[in-house]
Structure formats: structure tokens, C-alpha cells
Amino acid sequence: MTQQAEGSPQTTLRERLSRLLDGPVPLDKRALLDSLYAEVTTRETRAYTLGWNDALTEMRGAS
């Protein structure tokens, strides 16, 4: 699976988790938590960045 597909906005976190759990390689608890943490962090960062971009766009439009 490519990095782009893993972090694509069209893939829900639930779908991603299902792929991790149902994948061909069994994951231990530590690997699963690491994968989930990385996924959530990526999505949080993307949402945070989009929020700042929206706020900056509004500020520029107001001035």
C-alpha cells in the first residue's frame, strides 16, 4: 500500500483501521498503536493546517 493511499482524505479512519486489522500480516499491539498514532497525527496535522489556511484567507479578505 502506498503512503498516498494511506493518508488520503477519501479513506476514513475506520476503513484504515479495518485494513490494518484484516491485513495479511498480524500486528502486535505496539505496532497497531504506532500505526494508529501515526494515522491520527497525520489527520490532525492536515486538519490543523487547513484551519490555519482558512483563517489566513479570511484575514486577507477582510483587510
Side-chain angles (χ1 to χ4, degrees):
M1 183 176 301
T2 65
Q3 190 72 357
Q4 184 179 7
E6 290 178 358
S8 70
Q10 293 82 19
T11 304
T12 66
L13 193 55
R14 180 181 290 263
E15 290 168 345
R16 186 75 185 102
L17 179 58
S18 291
R19 283 189 206 140
L20 286 170
L21 292 172
D22 299 335
V25 179
L27 294 174
D28 63 8
K29 289 179 185 178
R30 170 68 95 197
L32 178 59
L33 289 175
D34 287 345
S35 296
L36 288 174
Y37 181 77
E39 185 74 21
V40 169
T41 300
T42 298
R43 290 173 185 259
E44 280 182 339
T45 301
R46 186 178 299 127
Y48 182 79
T49 301
L50 290 173
W52 272 107
N53 288 341
D54 290 344
L56 290 172
T57 301
E58 282 184 32
M59 282 180 41
R60 288 181 186 132
S63 49

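Atoms considered below: every heavy atom in the structure, side chains included; atoms not considered: hydrogens, waters and symmetry mates. Source: prediction; values computed, not measured.
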Results of side chain to side chain contact (heavy atoms under 4.5 Å, CB included) for Glu15 - residues two or more places apart only = Thr11, Thr12

task = Could I get the full list of side-chain hydrogen bond (donor to acceptor under 3.5 Å, both in side chains) partners for Tyr48, not counting sequence neighbours?
result = Trp52

key: Non-neighbouring partners of Asp28 that pass side chain to side chain contact (heavy atoms under 4.5 Å, CB included), sequence neighbours left out   = Arg30, Ala31

task = Give, for atom CG of Asn53 and atom OG1 of Thr49, the distance between the pair rounded to the nearest 0.5 Å.
result = 6.5 Å

